[in-house]
Participant: 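A single structure is presented below for examination.
So that the names make sense, note that chain A is the first sequence line, chain B the second, and so on, each numbered from 1.
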Amino acid sequence: MRFFSTTRTAAALCAAILIALIIGSLLPPKGAWDWVYGTFWFNCILSLFCLNIVACRIRKFPRHLNQVGSFALHLSFILILTGVITGHLWGANGFLQIRKGEISSVFDSGEGPEPFGFQVRLDDFSIERYKTGQWGLNVQPSPETPEYTIVPEAGMEYPIPHSPYSIRVRALRESYGKGEAATTLLRPPALLMEIRGVEDGAPHLLAAEGVENGKARLGGNIPPGMRISYEQLPGRVKQYMSRITILDHERPLLTGTVSVNTPLNYGGFSFYQMSYDEKAQQWSGLGVKKNPGIPLVYTGFALLAAGITLAVMRSLRQRKPQEATLALTSHREEN
Amino acid sequence: MSISLVNGSLACYLAAVLLYGTHLISPKGRLKKCARWTLLLGLLLNTTAIGLRWREAGHPPFSNMYETMLCLAWCIAAVYFLLEIAYDPPYLGFLATLFAAFVLAAASFADSEPRPLIPALQSNWLVYHVVLCFAAYGAFTVSFAGSVIFLLARRYSRNIQIAPLMNRISYRSISFGFLFLTLGIITGSVWANKAWGSYWSWDPKETWALITWLIYALYLHMRSAKGWGGSRASWLSIAGFCAVIFTYFGVSFLLPGLHSYLK
């Protein structure tokens, strides 16, 4: 017991943990877990360190009010460790990839499917994007070809891939303060363009102006089979969210939205928005966690915050003669 | 507009460095007073720059290297300013303002284009976590400067009062820094649990924050339990600051992880 409750033991264990942490941080994530963080020896050192803290605190049980902060701070580590062990033993951790309209009663724990005890249905998935303020031409020359996006500039000509066409931008008016003479009668965002390369030889002039349902109104002579629109270009992803319903044998129990930083909790499980189908947005990737140790960990955090605040305030209120003694000690040790 | 204020703040910090440096060579009360006012002006400009950046970006300005460096320079200057009012320490002003100016100058090399927040950063915890961590970094920077001056003063200075004063300032600065770092780690863990369902995932940034925390915990324990003061404590303080540098810069550029958006 005495061996465990010395500062020297604590310093040695602390040094060992520091070395392990430095090595672990320099390894790739999988290697770090396999060689350091997930190993028996590392967890032994951590456990011994916590035992050391317990032993030290038993020896130095607070007898005065001004020792309460330090005691609480050290006690918090025990609470946090208990919470970690509880979560490890009785918790669950996995992933659920689910398509729109699909119902699932299991999630992938990494070692196989694990049941929820209820069903989860993905009702909808959506992405919200920032507005860029920039407008672009979306052109699909024929139903068999993909869609291309052009950011137009006045006076430029843009060939359209996989087609004999090109688009020449005659004039552009982005806003009421900014535009060319040819577009001043048009409401911004306004665009005057000519589609070239059409077989019939007729002029194909198009004008786009104003905004209706998020796109500019387009009028003119569009070649047959071509789809063209002038609309605001999507910006970076602002948020992505899944609307899910929790079911019990097809009976809905709870409907909620899961987004990044806003998980949904039900039946001891928490659902986190982790990923999504970037191409077609047909599936959503939800992290699934169950951790009964969280209340203990959070209580430990609160005790740690309170304890360290009290301990630091107490140490800073130390009278000058004590610090002078300390300072004198520093001179003595050097001389 | 905020960039102009940043440049103004940098100019004030550099002027303060010059004034504190001149005061070292020719100690005159007026020079130090002038330096203090210049530092305060720099701090006010830095504060306004951060506020304007918040308005320009449309979100708390703590999402990339440029914004966090503005914050760090502010924290270093603010911590030193408070210590100067309390202790009026010699030599420390020169080093502390030099660090603040260096950080602000280095910020000019970072990408300053404001960008919208990615989903992971859209949370109030961003403000609490980052502000607490950088307040800690500011305090640790000043304590590092104090430790360096302590070691130099013990070796080269005949003034026997400087070393104990620097020792005390380092200790107090580290105590505050340790408190803020602990709260910063706690808020980061709570936020991580809310965002990803895991309060600790051994991410390099998390691991190095823990390394920094352990070094300073060792410092505080060695001082209180073993009576460490003087050189040993100063070297431990310097080791802690090296860990702070690696946590902030080293991890961001060298070790990929969840905090990589600081690049």
Side-chain angles (χ1 to χ4, degrees), chain A residues 7-8 10-11 14-15 17-18 21-22 24-26 29 32-33 36-37 70 73 84 93 130 235-240 259-263 270-274 287-289 291 294 297-298 301-302 304-305 308-309 311-313 315-316 320 323-334, chain B residues 115-123 125 150 154 160 163-165 167-168 171-172 175-176 178-179 182-183 186 189-191 193-200 202-205 207-208 210-211 214-215 217-218 220-234 251 254-257:
Chain A
T7 312
R8 194 173 288 182
C14 193
I17 292 170
L18 277 170
L21 291 178
I22 290 169
S25 72
L26 299 174
W33 181 259
V36 181
Y37 308 130
S70 177
L73 147 66
V84 167
N93 186 6
Y130 287 104
R236 293 172 76 180
V237 173
K238 184 178 182 181
Q239 188 58 269
Y240 43 101
S259 59
V260 182
N261 282 308
T262 311
S270 296
F271 297 89
Y272 299 86
Q273 185 68 66
M274 300 293 275
V288 179
K289 312 275 177 175
N291 193 339
I294 286 288
V297 171
Y298 279 13
F301 282 165
L304 176 59
I308 195 161
T309 305
V312 167
M313 291 298 129
S315 73
L316 293 174
K320 285 181 187 181
E323 290 192 54
T325 307
L326 191 63
L328 280 173
T329 309
S330 73
H331 276 277
R332 239 179 257 145
E333 78 188 22
E334 304 299 327
Chain B
R115 287 196 170 82
L117 281 182
I118 58 172
L121 296 182
Q122 289 175 32
S123 170
W125 289 105
F150 172 87
R154 295 212 74 252
I160 60 163
L165 178 61
N167 201 18
R168 187 173 165 197
Y171 171 65
R172 295 201 157 208
S175 297
F176 267 122
F178 188 71
L179 168 63
T182 306
L183 296 176
I186 289 172
S189 295
V190 173
W191 184 16
N193 192 55
K194 201 171 174 218
W196 302 306
S198 174
Y199 48 80
W200 196 267
W202 297 112
D203 178 69
K205 188 73 100 174
T207 305
W208 273 92
L210 181 60
I211 290 168
L214 283 170
I215 293 174
L218 202 61
L220 292 170
H221 278 82
M222 289 296 119
R223 275 193 75 121
S224 63
K226 290 291 183 186
W228 272 29
S231 299
R232 285 185 292 187
S234 296
V251 169
L254 300 173
L255 305 175

Participant: Tell me, with the steps shown, if A/Leu21 and B/Leu214 meet side chain to side chain contact (heavy atoms under 4.5 Å, CB included).
Facilitator: CA-CA 11 Å; A/Leu21 291 178; B/Leu214 283 170; 3.9 Å; yes
Participant: Counting distance only, does the side-chain N/O of B/Gln122 pair as donor-acceptor with the main-chain N or O of A/Asn261 below 3.5 Å?
Facilitator: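 No.
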Participant: With sequence neighbours left out, what residues match B/Phe178 under ring pair (Phe, Tyr, Trp, His ring centres under 6.0 Å)?
Facilitator: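 Once residues adjacent in sequence are excluded, the partners of B/Phe178 under the ring pair (Phe, Tyr, Trp, His ring centres under 6.0 Å) criterion are B/Trp213.
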Participant: With a 4.5 angstrom heavy-atom cut-off, which part of A/Val237 approaches chain B: side chain, backbone, both or neither?
Facilitator: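 The answer is both parts of A/Val237.
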Participant: Hey, which of A/Gln239, A/Gln273, A/Lys238 has the most heavy atom pairs under 4.5 Å with chain B?
Facilitator: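 Most heavy-atom pairs within the cutoff with chain B belong to A/Lys238.
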Participant: Apply the test side chain to side chain contact (heavy atoms under 4.5 Å, CB included) to residues B/Trp196 and A/Val260: give CA-CA distance (whole Å), side-chain angles for both, the deciding distance (0.1 Å), then the verdict.
Facilitator: CA-CA 8 Å; B/Trp196 302 306; A/Val260 182; 5.5 Å; no
Participant: Mind ranking B/Leu165, B/Leu183, B/Ile186, B/Ile215 by heavy-atom pairs under 4.5 Å with chain A and telling me who comes out on top?
Facilitator: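 Among the listed options, the one with the most contacts to chain A is B/Ile186.
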Participant: Assess whether atom CZ of B/Phe176 is packed by more than 12 heavy atoms of other residues, nucleotides or ligands within 6.0 Å.
Facilitator: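 No, not enclosed.
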Participant: For B/Thr182, is it the side chain, the backbone, both, or neither that has a heavy atom closer than 4.5 Å to a heavy atom of chain A?
Facilitator: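 The side chain, not the backbone.
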Participant: Side chain, backbone, both or neither: which part of A/Ala305 has an atom under 4.5 Å from a heavy atom of chain B?
Facilitator: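 Both parts, backbone and side chain.
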Participant: What closest approach, in Å, do B/Ala195 and A/Tyr272 show between heavy atoms, and which atom pair accounts for it?
Facilitator: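 The pair with the smallest heavy-atom distance is O-CD2, 3.7 Å.
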Participant: One pair to check against side chain to side chain contact (heavy atoms under 4.5 Å, CB included): B/Asn193 and A/Tyr298. What are the steps and the verdict?
Facilitator: CA-CA 11 Å; B/Asn193 192 55; A/Tyr298 279 13; 2.9 Å; yes
Participant: Measure A/Asn93 against the heavy atoms of chain B and call it side chain, backbone, both or neither at under 4.5 Å.
Facilitator: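 Nothing of A/Asn93, per the 4.5 Å heavy-atom cut-off to chain B.
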Participant: Using non-hydrogen atoms only, which part of B/Leu220 is less than 4.5 Å away from chain A: side chain, backbone, both, or neither?
Facilitator: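 Interface part for B/Leu220: neither.
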Participant: Picking from B/Met222, B/Lys194, B/Lys226, which has the most non-hydrogen pairs under 4.5 angstrom with chain A?
Facilitator: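 The answer is B/Lys194.
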Participant: If you count heavy-atom pairs under 4.5 Å with chain A, which of B/Ser123, B/Ser198, B/Ala217 comes out on top?
Facilitator: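 Of the candidates given, the most pairs with chain A belong to B/Ser123.
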Participant: Counting only non-hydrogen atoms closer than 4.5 Å, does A/Phe301 touch chain B with its backbone (N, CA, C, O), its side chain (CB onward), both, or neither?
Facilitator: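 The answer is both parts of A/Phe301.
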Participant: Report the distance from atom CD1 of A/Ile17 to atom CD1 of B/Ile211, rounding to the nearest 0.5 Å.
Facilitator: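 Going from the CD1 atom of A/Ile17 to the CD1 atom of B/Ile211 covers 11.0 Å.
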Participant: Check whether B/Trp208 gets within reach of chain A through its side chain, its backbone, both or neither, counting any heavy atom under 4.5 Å.
Facilitator: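 It is the side chain, since no backbone atom gets that close.
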Participant: At a 4.5 Å cut-off on heavy atoms, which part of A/Val84 comes close to chain B: side chain, backbone, both, or neither?
Facilitator: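 Contact with chain B involves both backbone and side-chain atoms of A/Val84.
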Participant: Measure distances from A/Thr309 to the heavy atoms of chain B and classify the residue's part below 4.5 Å as side chain, backbone, both or neither.
Facilitator: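 Looking at A/Thr309, backbone and side chain both touch chain B.
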